[in-house]
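Since the structure comes first, as structure tokens, the remarks are kept for the end.
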Amino acid sequence: MRLPTASEPYPLSGMRLPCLVGGEYIRGNEAFDNVSPVNGRVLCSVTHADAALVDRAVQAARAALRGPWGRLSTPERCALLRKVADRIEQRFADFVAAEIADTGKTLQQASSLDIPRGAANFRAYADLALARASECFEMGTADGRGALNYSVHKPVGVVAVVAPWNLPFLLLTWKVAPALACGNTVVAKPSEETPSSAALLAEVMQEVGLPPGVFNLVHGFGPGSTGEALVSHPDVNAIAFTGESATGAAIMKSAADSVKALSFELGGKNAALVFADADFSAALEGTLRSVFANCGQVCLCSERVYVERPIFERFVESLAARARALKIGGPFEGADLGPLISRAHREKVLSYYRLARAEHGEIVCGGGVPVFGDERDAGAFIEPTIVRGLAEQARCVKEEIFGPVCHIAPFDAEEQAVQLANDTRYGLAAAVWTSNLQRAHRVARAMEVGIAWVNDWFLRDLRTPFGGVKLSGIGREGGAHSLAFFSEPMNICVKL
Ligand code: NAD
Ligand code: 6OD
């Protein structure tokens, strides 16, 4: 597939990005700027959806449930979703360019992970919805003739999809695809930081002929703005949200009055456990990736690394050497690490770098901001950072930072490693590095998380359950779990 080049303009450059409501593009007067985290320049402006426009979007979505979309068979719906995937691939370079313009992430990552996964999400859920079986139970009755119970899956109705900025297209489509596959209609709100790939998705939905109102897109902010208007709207039936745990709590409150179904994928403070018997270089490369991928802005990233004492010093030195060698730069520079999403987020991450020092941590590498001597100094770049020596109760060890940073500490025994990993209010993911097969199963199972990887990280099979425990989420998505969330099962009992 063709990739964009540095000299090509970003496809939405200078435009006013519209909302899509009932099949109509709306370019309102109220707008906000979309700013590049690479150099601080304004990329485009974005139509801000106020409460009235959100209401129109929800009403359009409700009306579409009763239109041609509601009468499509599952195979017909799934055929449309496959066309969406095909069209994303036909416009691959545009999507990649849009994603890297908004986020500054590397061309390599956007073209090998973010955009391919967007297309894959539509194909996977088309396949899964088609293959879904119904339950059927025969029962006895007093007259001896019996009865047959069978289930049908109906759509839940209007689904609000609220997405974050870190993997914008991957995470938006991860929810939009199963929602549509199950026959729902959608009002999607991408993060205000990353509107572009969602804007292109709206175009694709129009291009493949999705009936008006089936997919609606509203842009804007969260509290007191578009997001809150959407999640508190009485005619929204279900909310699929990915973002911070505190935002999840706020959305729960907004959704409570109308008792909406909720699926939440929230924050993490994930541990990596490296045992002395692990393949050293695999554990090193894997941990480098799990700490610094996407500039540390993946909910699954390891922010706490625990290493068995006999290899601790060697592991710290090697990880620090690899971190120092990471090339920081813009999307087209062959860099390993792009910028953070914004200057505001960089300030938050830097405040944790300062806090780590104040909490008596030792900065092993990084801890500051790179200086380029060019326009990138107006961006949101930051150094990859490793900290050691913090107390386990330090805020830097307890709170999600969401940047390219980890705390690294030694452990002496397996039970201690398990206890340290689980001593957190979050429970999303863990990575266990060991060559002892029994230990691998034992420790992975003991992790209080939704997803544990053994000798790898972020290896995804879309049929598997995905989500977190404790502050990291409510419910599971992925495979049959997504189909269950986005459907209402109904039992039909037929007396024979
Ligand atoms: P965020 O919670 O600030 O925002 C996410 C989305 O929610 C945005 O679209 C935002 O506009 C909207 N929003 C904010 N307040 C709202 C409100 N009161 N009502 C309705 N909508 C509201 O998250 P973020 O900063 O965009 O993303 C980073 C966070 O997301 C991190 O905490 C990360 O761990 C988490 N995350 C979790 C997963 C997962 O799968 N568990 C995946 C990716 C990111
Ligand atoms: O791979 C996925 O399906 C998924 N939801 C990843 C989430 C990554 C968090 O930043």
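Throughout, residue positions are numbered sequentially from 1 according to the sequence presented. Side-chain atoms are counted along with the backbone in the values below, which use heavy atoms only and exclude waters and symmetry mates.
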> Is it true that K327 and E333 have a side-chain N and a carboxylate O under 4.0 angstrom from each other?
Replying inline: no
> Any ion pair linking K348 and E399 (charged N to carboxylate O, less than 4.0 Å)?
Replying inline: no
>> For A283 versus T287, what's the shortest heavy-atom pair and its separation?
In response: O-OG1, 2.6 Å
> Salt bridge between D456 and R289, side-chain N to carboxylate O under 4.0 Å?
Replying inline: yes
> Which heavy-atom pair separates A421 from A271 by the least distance, and what is that distance?
Replying inline: CB-CB, 3.8 Å
>> Any salt bridge linking D127 with R132? Criterion: basic side-chain nitrogen under 4.0 Å from a carboxylate oxygen.
In response: no
>> Let me confirm one number: the OG-CG distance from S36 to D102, rounded to the nearest 0.5 Å.
In response: 9.0 Å
>> Would the distance check show the side chain of S302 and the main-chain N or O of V291 forming a donor-acceptor pair, the cut-off being under 3.5 Å?
In response: no
> Quick check: does any side chain N or O of N294 sit under 3.5 Å from a backbone N or O of N166, one acting as donor and the other as acceptor?
Replying inline: yes
> For the ring pair (Phe, Tyr, Trp, His ring centres under 6.0 Å) test, which of F381, W165, Y352 pairs with H345?
Replying inline: W165
> Yes or no on side-chain contact (heavy atoms from CB on, under 4.5 Å) for L170 and L113, after CA distance, side-chain angles and deciding distance?
Replying inline: CA-CA 8 Å; L170 186 161; L113 173 67; 4.0 Å; yes
>> Would you say the rings of F411 and Y306 are close, in the sense that their centroids are separated by under 6.0 Å?
In response: no
> Using 4.0 Å as the upper bound for N to carboxylate O, is an ion pair formed by R357 and E362?
Replying inline: no
>> I'd like to check V38 versus P331 (side-chain heavy atoms, cut-off strictly below 4.5 Å). Are they in contact?
In response: yes
> Is a donor on one side and an acceptor on the other found under 3.5 Å between the side chain of S482 and the backbone of G478?
Replying inline: yes
> How are the rings of F169 and F95 set to each other: parallel, tilted or perpendicular (split at 30° and 60°)?
Replying inline: tilted
> Knowing that exactly one of V176, L217, V186, V214 qualifies, which makes a side-chain contact (heavy atoms from CB on, under 4.5 Å) with M205?
Replying inline: V176
> What are the two closest heavy atoms between K470 and N422, and how far apart are they?
Replying inline: NZ-O, 3.2 Å
> Should we count CZ of R343 as having more than 12 external heavy atoms under 6.0 Å?
Replying inline: yes
>> Testing the basics here: between R324 and C365, what is the closest heavy-atom pair and its distance to 0.1 Å?
In response: NE-CB, 3.8 Å
> Judged by atom type as modelled, is there a donor-acceptor pair below 3.5 Å linking the side chain of T247 to the main-chain atoms of G243?
Replying inline: no
> Counting N and O atoms only, with roles assigned by atom type, does the side chain of R346 sit under 3.5 Å from a partner on the main chain of A380, one being a donor and the other an acceptor?
Replying inline: no
>> Under 6.0 Å from the ring centre and within 45 degrees of the ring axis: does the NZ or CZ of R82 meet both conditions for the six-membered ring of F122?
In response: no
> Between E207 and K83, does at least one N-O distance fall below 4.0 Å, as a salt bridge requires?
Replying inline: no
> Looking at W174, does the NZ or CZ of R460 lie under 6.0 angstrom from its six-membered ring centre and within 45 degrees of the ring axis?
Replying inline: yes
>> So which atom in T226 and which in G220 form the shortest heavy-atom distance, rounded to 0.1 Å?
In response: OG1-CA, 3.1 Å
> What are the two closest non-hydrogen atoms of F486 and A240, and how far apart are they?
Replying inline: CZ-CB, 3.9 Å
> Should the pair E359-R395 be classified as a salt bridge under the 4.0 Å nitrogen-to-oxygen rule?
Replying inline: no
